[in-house]
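Report on the following structure.
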Amino acid sequence: MQATPEECAALAKDFGLPGIRALSGDFMLKTSAKGINVKGTVKASITQVCVTTLENFDSDVEEEVEVDFAESSGMPAEPPTDINEYEPPDEIVNGQIDLGALTAEFLALGLDPYPRKPGVGFDYRDPTDEMDSPFAALNKLKGQQ
């Protein structure tokens, strides 16, 4: 499935991005013991703002997807006793799985919360840190001897 330019613009606004040039989801649906298993890949070409330079830059996002869905009637009333092993399936709503919403969800998960333009580093040192360091006093003593 391919997102339309209008859908890309709406998602870019929702996610605070300058732009989404392309967004697609490629999924395979299979029945499973839990209900329906959805596997696939979400790919996007996006424009982000560098947290260091505040310049826009283009990047690509690719996220692997694997989610189980089940009708609410097929979901267990309570999780198994070992909660660490339990991952409840997502609910099938009105007999449908919204692959568009799933695509948007995994795009959001794939976004870097602190995007940095390729080749841009961040190497800031506060000069007061060096003066307040316990080793600064030792260095002064070493210099006096």
Measuring from atom [atom1] of [X] to atom [atom2] of [Y], what distance do you get when rounded to the nearest 0.5 angstrom?
| X | Y | atom1 | atom2 | result |
| --- | --- | --- | --- | --- |
| L107 | L102 | CG | CG | 11.5 Å |
| K39 | K30 | NZ | NZ | 5.5 Å |
| M1 | F27 | CE | CZ | 7.0 Å |
| I97 | I92 | CD1 | CD1 | 4.5 Å |
| I36 | E71 | CD1 | CD | 8.5 Å |
| N37 | D68 | CG | CG | 4.5 Å |

Which residues satisfy the salt bridge (charged side-chain N to carboxylate O under 4.0 Å, His left out) test with [X], sequence neighbours excluded?
| X | result |
| --- | --- |
| K117 | E55 |
| D58 | R21 |
| D98 | none |

From CA spacing to verdict: side-chain hydrogen bond (donor to acceptor under 3.5 Å, both in side chains), D60, S45: CA-CA 5 Å; D60 294 320; S45 296; 3.0 Å; yes
Do [X] and [Y] come within less than 4.5 Å of each other through their side chains, counting heavy atoms only?
| X | Y | result |
| --- | --- | --- |
| D90 | V38 | no |
| Q48 | L111 | yes |
| T41 | V65 | no |

Criterion side chain to side chain contact (heavy atoms under 4.5 Å, CB included) on F69 and E91, from CA distance to verdict: CA-CA 6 Å; F69 287 86; E91 187 176 347; over 6 Å; no
Set of residues satisfying side-chain hydrogen bond (donor to acceptor under 3.5 Å, both in side chains) with respect to S32, sequence neighbours excluded: none
Which atom of I20 lies closest to which atom of C8, heavy atoms considered: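 That closest heavy-atom pairing would be O-CB, 3.4 Å.
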Closest heavy-atom pair and its distance - A108, F15: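 Minimum heavy-atom separation between A108 and F15: CB-CZ, 3.8 Å.
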CA sep, side-chain torsions, deciding dist, call: F106, V67, side chain to side chain contact (heavy atoms under 4.5 Å, CB included): CA-CA 11 Å; F106 275 84; V67 181; 3.7 Å; yes
V51: side-chain contact (heavy atoms from CB on, under 4.5 Å) partners, not counting sequence neighbours: Y114, P115
By side-chain contact (heavy atoms from CB on, under 4.5 Å) - contacts of T4 (at least two apart): E6, E7
N56 and T47: side chain donor to acceptor below 3.5 Å: no
Chi angles and distances behind the side chain to side chain contact (heavy atoms under 4.5 Å, CB included) call for S24, V42: CA-CA 6 Å; S24 66; V42 169; over 6 Å; no
Cluster check L99, V93: I/L/V/M/F/W/Y, side chain < 4.5 angstrom: no
